[in-house]
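Here is the structure we will look at, set down as structure tokens.
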Amino acid sequence: PEKLIEDAEYVADYFFESISIRDYVGAYTLLGSDMQSSRSYSDFREDYIHFINLDYSDLSSTITEDDDVKSTVTVTAETKPPEKDETKKETITYELKIGHENDQLKILNINKSK
């Protein structure tokens, strides 16, 4: 269980690190096939492209009843929508469900709340 949590937290860290360096393809490849089939790459990219600066912290994980890992991350993002000249800072809490798919850890679900 400890190794599973460690590996899942690595996936979560890699996901947000990819977003912060604008490697949206790398982040998208971490999503499970159900998430990729229900959300196109361009829609996924549109969710994160307005982030100018992204800091994340408070990564904590637990194993769920179905042997997946639920990782909770607090993200502070400075955003600038294209139609506006001003930036705003917001704090978002992400819950990632990370589990095995084809013997690899993938992000199976993402929930966010402000």
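We count residues from 1, following the sequence as given.
The CD1 atom of Ile49 sits 13.0 Å away from atom OG1 of Thr79, with the distance rounded to the nearest 0.5 Å.
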**OP:** Check the pair Lys89 / Asp55 against salt bridge (Lys or Arg N to Asp or Glu O under 4.0 Å), numbers first and verdict last.
**Re:** CA-CA 11 Å; Lys89 193 176 257 191; Asp55 293 313; 6.0 Å; no
Original post:
Is there a salt bridge (Lys or Arg N to Asp or Glu O under 4.0 Å) between Lys112 and Glu95 once you walk through the steps?
Top reply: CA-CA 6 Å; Lys112 67 179 183 176; Glu95 260 187 24; over 6 Å; no
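The minimum heavy-atom distance between Gly99 and Asp68, with the atom names listed, is CA-OD1, 3.3 Å. When all heavy atoms of Leu31 and Lys106 are compared, the closest pair comes out as O-CD, 3.9 Å. The nearest pair of heavy atoms linking Ser71 to Ser61 is OG-OG, 2.7 Å. Ile63 and Pro1 get closest at one heavy-atom pair: CD1-CB, 3.5 Å. Between Arg22 and Ile52, the shortest heavy-atom distance links the atoms NH2-CA, 3.8 Å.
Two rings, from Tyr94 and Tyr56, have their centers 6.0 Å or more apart.
By the 6.0 Å contact criterion, OH on Tyr14 is open, its count of non-hydrogen atoms from other residues, nucleotides or ligands being 12 or less. By the 6.0 Å contact criterion, CG on Asp43 is enclosed, its count of non-hydrogen atoms from other residues, nucleotides or ligands being greater than 12.
Between Lys97 and Asp66 a salt bridge is recorded (basic side-chain N to carboxylate O distance below 4.0 Å).
Between Tyr41 and Phe44, the two ring planes are tilted [angle within 30° to 60°].
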